[in-house]
Structure formats: structure tokens, C-alpha cells
Amino acid sequence: MVLRATEVMIFALDRKVELGGAGAEDLQAVGEARDLLRSVREHWRHARTEAEQAQEAPSPPLLNADLTAAADRLAIEVASQWAAEADHRRLRVPMPVPIRWRWAKGMTSTVEVVANVPPRRRPLFPPLRGVSAVGPAGLRSGGLRDLFSVYAGLDGGRTVILGDAGSGKSAATILTLIEALAHRAGLVAQQRAAVPVPVLFTTSGWDPGDQRLGEWLAERLAVDHPFLRTEQFGDSMAAQLVKSGGVALFLDGFDEMDPRLRAAALDDIRKPSTFRLVLATRTREFADVVVTGEHVHAAAALELLPVPAADAADYLDGLNRDDAAPQWTQLTAHLREHPDSVVAHALDSPLTLTLLRDHTDADLVRDLLTPGRFNVREEVENALLDRSVGTGEHRALLTFVAARMLEQGNTRDLAWWQIHQWVKRWHERAVRVSVPTVIGMVVGAVSGPMMFGPHGRYVVDGSTGAAFGLVYLSAIGLVFGLLTGLMSELRHSRRFTRASGNTAAFSLGAGVTTGVATVIAVGNQTQWGLGVLAGLGAGVVVWRGPSGAVAPPRTGERSRWRSLASRFHPLSGLAGGLPIGLAYGFTDGPRQGIGAGLTMTFVFGVMVGFGRPSMQTATDPYVAWVQDVKRAITFGLTCGLALGVPQGVKHGVLHGPLAGAITFAAITVMVGLALGIGSCDAWRTTLVCLQLRLRGIRMRGVFSLEVQRDRRVLRTVGALYQFKHPRLQDRLVDERSAG
């Protein structure tokens with residue numbers, strides 16, 4: 001109606017103009033009416049397009065109901081993780097650095113072949129729902145927002161983002177991933193099931209000679225997103241998502257791989273797969289591999305360009321730096337008036353622009369404007385890098401961290417749970433092992449006289465008394481403490497098999513400690529041969545128990561108890577309780593055997609259940625640290641109570657409530673401390689940091705690293721730390737070597 005009325009009004013006024021009767025007001029009305037007509041037509045076309053899309057048949061879903069539910073939850077977790085990281089890196093606010101790209105010649109097939117025009121092959125990946133197929137024009141050049149169109153509309157499914165050091169590859173990758181997640185979230189359920197969830201990983205831990213890319217991706221998904229291993233989805237949900245095309249991989253750090261592995265990695269990337277791939281890498285490293293082998297067919301190779309001086313000036317003007325307004329204005333004017341100056345060339349990358357944004361002051365801006373102060377761009381970059389590091393304790397800590405990362409395999413990724421490898425001389429390890437050993441002896445020495453004294457009345461092989469208890473439990477505490485220290489120190493991982501350490505190593509340490517505890521407990525009460533058999537059974541149960549994650553307790557009384565009950569694992573309980581029941585039944589009779597078997601079935605079912613990881617995702621290193629501490633406390637306390645309660649009740653029935661309470665407290669504390677300390681990566685890291693402080697390195701574990709992250713010297717990729725730029729890490733390493 002509005003559209004038709006506007007057209008009639010314009011026609012009438014046009015006739016009036018032709019007849020010479022139109023005044024100034026009529027001419028103004030014609031202009032306003034024409035503007036209104038254009039606006040109405042635009043809105044009408046947009047509404048008609050939306051209506052047509054709503055009437056279109058939904059895309060055939062890639063995923064069934066279970067896979068769709070898993071994919072939707074994965075999308076929520078990934079979006080939350082990378083939106084927080086993008087904001088911490090200040091990639092979106094203030095405005096992003098203006099990034100532009102062009103087609104990288106000689107890296108892949110021609111533009112026409114990659115765009116599949118004219119159609120020469122069957123599309124491997126149809127354009128995502130709501131996105132048009134990208135053509136040759138869309139591949140030749142573009143800006144930051146155009147990267148999503150390439151990713152979503154390229155039917156070859158392979159995009160390579162190339163650039164020099166500091167050109168903004170990681171930032172472009174993260175922002176493109178966030179836009180892809182937002183696009184998926186805006187679709188209706190049926191359409192969303194046909195759009196993969198983009199996930200971002202670095203190449204850390206991928207050995208192409210040992211694992212196919214898809215296998216490694218499935219493993220990383222299951223590790224970084226434990227909910228994919230819950231009873232709701234089963235152990236293979238991550239692999240099913242990869243196989244069905246339910247995820248798309250954004251892979252960063254190809255240039256940081258061992259040069260000997262890059263050719264094999266590119267060969268694997270070149271092979272057809274079920275998932276889209278966006279690869280971010282430095283140009284030189286990628287080009288070297290392409291020269292020695294084949295390129296990635298039908299892949300879009302896009303090279304990030306330097307930031308023009310005028311764009312850099314506009315970006316800096318948009319920051320509204322009131323604290324250095326005069327100098328800031330002079331700097332942006334200098335960039336516009338002298339685009340070929342050393343300073344302009346140095347500020348042509350997102351790295352230097354963000355360093356200037358985050359770590360500048362009036363003195364630095366004054367230096368940049370001083371003629372002859374800098375002769376080459378590297379001097380400007382070094383000045384900005386030095387300003388970001390700072391002086392004093394900050395610089396000493398970062399220099400030490402950079403050097404240790406280089407020594408541990410020349411890695412760019414820092415896992416806080418592997419810091420203990422920085423201090424690994426035999427006497428330093430011996431000190432760390434001795435700490436829990438001493439703690440165990442002290443706890444045993446305090447508990448022994450109470451447990452075996454006149455109030456506790458505990459008996460082992462007919463022996464009792466405070467003096468015997470002092471010696472006996474001190475020895476038991478020494479064994480437990482030594483075993484705990486060894487398990488904590490020797491636990492390691494070749495791959496990142498969980499967010500903060502190694503699930504397999506955790507289970508092995510818990511199994512060994514539990515087995516020894518069972519040998520001592522059962523051997524004391526029955527026969528040592530039977531105790532050894534029972535200990536072997538108990539240790540194997542805890543070691544090889546189910547590794548799938550479980551949901552944490554939800555809010556609400558009934559749901560909380562239901563979630564806690566789900567922790568109990570009956571098969572593991574039966575496997576651990578049966579040999580113990582047989583041991584007691586063989587020596588003390590059927591009644592004692594049945595009672596002990598049922599009790600220990602419950603005990604081991606609860607222990608195994610609470611030893612399993614939570615399904616909560618470690619979105620950053622600090623969250624991984626907190627989760628590790630909580631898990632160790634929960635596991636240690638649960639195991640201590642599970643073993644202490646039945647022993648305390650049994651002893652209390654025989655000798656009275658006080659004796660039972662003393663027995664309960666002693667067993668709970670000793671077992672709980674042993675398993676809690678032995679399973680806690682944060683404990684081990686804290687001991688290492690105390691040793692480093694004795695060397696003069698003021699490091700407080702993850703908290704010191706978080707300070708450097710807040711200063712924007714470090715960044716995070718999932719639960720791993722990285723230096724903001726590899727060149728900063730290299731510069732600090734050179735500085736330490738020179739010193």
C-alpha cells in the first residue's frame with residue numbers, strides 16, 4: 001500500500017513539473033518521495049527474500065538428534081571460550097585493526113579452479129545455509145569480514161590464511177570463527193543441523209606420522225570438551241562429529257611445527273576429509289613445503305597485506321587517546337603525510353599497532369616523532385616489544401619463561417602442568433618427592449599414638465600401644481608419602497590428554513596408591529598374601545576404571561542427589577569389593593566376608609566415580625588450575641571417607657564410639673592426603689615455583705602467568721599460554737643468552 005501510494009504521488013508531481021506548475025516545495029516533495037520510494041522498495045525486497053528463504057525446504061541435516069544436541073552444546077562452549085578470549089585480546093573493542101588480503105599466487109590452484117567456474121568438479125562442500133557460493137571476484141581480494149564468505153562459500157572446503165609475522169593471522173582466524181558461530185546460531189534448528197561447528201586448535205601435539213588429522217581432531221575435541229565423553233553421548237561422540245562433518249577445523253600454528261613434520265602434515269591436509277579446514281600459517285614456511293611437494297588442490301590461499309599508513313592513522317584516531325592527545329594527533333598526521341617513513345613502515349601490521357595501543361605513553365610517541373631516532377623498522381618494533389615486557393621482576397620472569405619454553409622442545413605453547421620439567425635435576429626432584437614423604441611421616445607420627453593408644457585401641461597382628469603406633473604409622477606414612485611423591489613427580493604426558501595433565505597417568509597413580517593402601521589394610525586384618533591379591537584387584541579397578549566424564553551436580557535438591565548418585569559405578573565397585581570380600585571370608589568367615597565385600601563394593605564404586613573428570617570445559621589456564629585443585633580435593637576426600645567410614649564404624653562397634661572416631665579420622669586423613677596430593681598437578685607446580693623462588697625467579701604458578709596475560713604480554717589458546725608474538729619470545733631468549 002505504501003509503495004503504491006508513493007509511486008502515485010511521484011507520478012502526479014512529475015506531471016506538474018512537466019506542465020510548469022511546480023514550485024520549490026513541489027520539487028522538494030519529489031526528492032523526499034523518491035527517497036521514501038527507494039527505502040520502501042529496499043525493505044520490501046529484504047522482506048520478500050526472508051519470506052522466500054523461510055518457505056524453502058530445509059537443508060538435509062548432517063546430524064541426527066544426538067549429534068545435533070552435542071553440536072549445539074559444543075557451539076555454545078566454543079563461542080563462550082573464544083568470545084572471552086577475543087575480548088581479552090581486544091580484537092573487537094576497540095574496533096579491529098583494518099586487515100585486508102589478496103589472492104596468494106603460486107600457492108594453490110588458479111582462482112577459476114578454486115572457485116569451480118565453470119563447474120569442473122562436483123562440489124566437496126556445498127555453501128553453508130544462507131551463504132552464496134564464492135566466485136573468482138570474491139577470492140581475489142577482500143577485508144576481514146570477507147573471510148567468512150570465503151570459508152562458508154568455498155566448495156573445496158580448504159582455506160589457507162597466509163601472512164608475515166605479526167600480520168594478524170591469529171586475530172583474523174578468531175574473528176572469522178566467531179562470525180561463523182554467530183551465523184550458525186542465527187539459523188533455525190533444521191538449518192543449524194546442516195552447518196558445522198567451527199573449532200580452533202593449534203597444531204601442538206599433532207604428529208602426522210602417528211595420527212591422521214581427523215583422528216587427532218576427534219581426540220582434541222574429547223579432551224578439551226569433556227561433555228562429549230559423558231554417559232549421555234558415549235565415548236565416541238567426538239569421532240562421530242568429525243566423521244559426519246559436524247565440525248569445521250580452524251588450525252593455527254602450522255609454521256610452528258617441527259620442519260620435519262610439515263610435509264607430512266600438508267600431505268594429510270591435502271587429502272579429502274569430512275570437515276572444512278581453515279589453516280593459518282606464515283607465508284614462508286607454507287611456501288617452502290609447497291615448493292618441495294604438491295599444493296592443496298581447490299584451496300583458497302589468501303595472503304594478509306600490510307596496513308596502509310592512512311588506514312593505520314584512521315585506526316589510531318579511532319582510539320581516542322585523551323591521555324596523549326597532542327602527541328597522538330601529531331603521530332597520526334605524520335603517518336598520513338609521510339607514508340614511506342620508517343615509523344609508517346613499522347606500524348603497518350596489527351602486531352605493532354596493538355602494541356602501540358596497549359603499551360604506549362607520551363615518551364614513546366615523542367620518540368617515534370623524533371627525526372633520526374629510528375633508522376629501520378626493526379628498531380621501532382623492538383622498542384614496542386621492550387615497552388610491552390616492562391622491566392624488573394616482569395622482565396626477569398618473562399625472560400626465564402621464554403628460555404625454558406625453548407629448552408623444552410622449542411615450543412610456543414606453555415602448559416602450566418608441565419612446568420615441573422623446567423626443574424628436573426635429580427636432587428631437585430628428590431626434594432619434591434621428599435616433601436610428601438615428610439608430610440606422611442608427620443601425619444603417621446601424630447595419628448599412630450592416638451589410634452593405637454588406650455583411646456584408639458587399634459590392633460595389628462596382636463600388637464598395640466602408643467609406642468608401637470608411633471613406629472607403625474610413621475612407617476606407613478613414609479611409604480604412602482614416598483609413593484605419593486613418586487606418582488606426582490613421574491606423571492607425564494606425551495599428548496595433552498586432558499585439560500590439566502594426563503588422565504591415564506592420573507589413573508595409574510591413583511591405582512598404585514589405592515592398591516598399596518588395600519594391601520596394607522586387608523593384609524593387616526587377614527593374611528598378607530590375600531592382601532596382595534586384593535590390592536592388585538583394587539589397584540587395577542581404579543587404574544582401568546571408566547574414564548568418561550560425568551556431569552557435575554545441578555541445582556535443586558532432587559537433581560543434586562541424582563547427579564551425586566550417578567557418580568557411583570557399580571561394576572568397578574564389584575570388581576574391587578569381590579576380592580576383598582573373599583579375603584575376609586576366607587579368614588574370618590562368610591558373614592565377615594559378605595559384610596566386607598558389600599562395604600568395599602560401595603567404597604570402590606564411589607572412589608572410581610569421583611576420580612573421573614568433570615564435564616566442565618577448561619576455557620583457559622586459570623580455569624584448568626581451579627578444576628585440577630577441585631578434582632584433587634574431591635578425589636582425596638572421597639577416597640579418605642570411603643575407606644575411613646567403614647573402618648571407623650567397624651572399630652567403633654568393637655571398642656566404642658571414641659575408638660571408632662579416632663580410627664576414622666586417622667585413615668581418612670592419611671588416605672585423603674596421599675591421593676589428593678598425588679593426583680594434583682597444581683600441588684606439583686606449586687612446589688616447583690617454590691624452588692624457583694629460591695633461585696630468585698618470583699613465580700607463583702598460574703597466578704604469575706595470569707598477571708602477564710592481563711598485561712597482554714601472554715595470550716591463551718584454550719588451557720595453554722603463548723607469548724603474544726613469537727618474535728617477543730625469541731627476543732627474550734636472545735636477551736637471556738646474551739646475558
Side-chain angles (χ1 to χ4, degrees), residues 436 438-481 484 513-514 516-526 531 534 538 561 564 567-568 573 576-577 580-581 583-584 588 591-607 609-610 632-678:
V438 172
I439 292 175
M441 289 182 62
V442 171
V443 172
V446 173
S447 303
M450 299 176 60
M451 188 172 173
F452 286 83
H455 299 294
R457 305 173 63 183
Y458 203 83
V459 180
V460 173
D461 289 336
S463 300
T464 188
F468 173 79
L470 174 65
V471 175
Y472 182 78
L473 275 195
S474 294
I476 295 296
L478 183 148
V479 172
F480 262 57
T484 295
T513 309
T514 305
V516 172
T518 304
V519 169
I520 296 173
V522 177
N524 281 334
Q525 300 295 323
T526 60
W561 281 111
L564 289 174
R567 289 275 189 172
F568 176 72
I580 296 176
Y584 276 92
D588 298 339
R591 180 178 298 180
Q592 291 287 343
I594 293 174
L598 291 177
T599 301
M600 300 313 293
T601 295
F602 170 77
V603 166
F604 280 98
V606 171
M607 286 172 58
F610 275 88
I633 293 175
T634 301
F635 183 63
L637 185 60
T638 301
C639 295
L641 290 173
L643 292 174
V645 168
Q647 290 293 327
V649 171
K650 177 183 176 181
H651 201 64
V653 171
L654 295 176
H655 301 288
L658 180 59
I662 293 174
T663 299
F664 156 75
I667 294 177
T668 298
V669 170
M670 291 192 68
V671 174
L673 277 177
L675 293 181
I677 291 175

K.L.:
Going by side-chain contact (heavy atoms from CB on, under 4.5 Å), Met441 matches just one of Leu478, Leu473, Ile476. Which one?
P.N.:
Leu478
K.L.:
Please state whether the rings of His651 and His655 are parallel, tilted or perpendicular, taking 30° and 60° as the class boundaries.
P.N.:
tilted
K.L.:
Donor-acceptor pairs under 3.5 Å, side chain of residues 445-455 to any protein atom, not counting sequence neighbours: which ones?
P.N.:
residue, atom, partner, partner atom, Å
Ser447, OG, Val443, O, 2.9

K.L.:
In Å, rounded to the nearest 0.5 Å, how long is the span from OG1 of Thr663 to CG of Leu658?
P.N.:
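Result: 9.0 Å between the selected atoms.
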K.L.:
Which residues pass the side-chain contact (heavy atoms from CB on, under 4.5 Å) test with Leu654, not counting sequence neighbours?
P.N.:
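side-chain contact (heavy atoms from CB on, under 4.5 Å) check on Leu654 returns nothing, list empty.
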K.L.:
Measuring from Thr484:OG1 to Ile439:CD1, what's the distance to the nearest 0.5 Å?
P.N.:
9.5 Å
K.L.:
In residues 665-673, what donor-acceptor pairs under 3.5 Å come from side-chain atoms, sequence neighbours left out?
P.N.:
residue, atom, partner, partner atom, Å
Thr668, OG1, Gly640, O, 3.3
Thr668, OG1, Phe664, O, 2.7

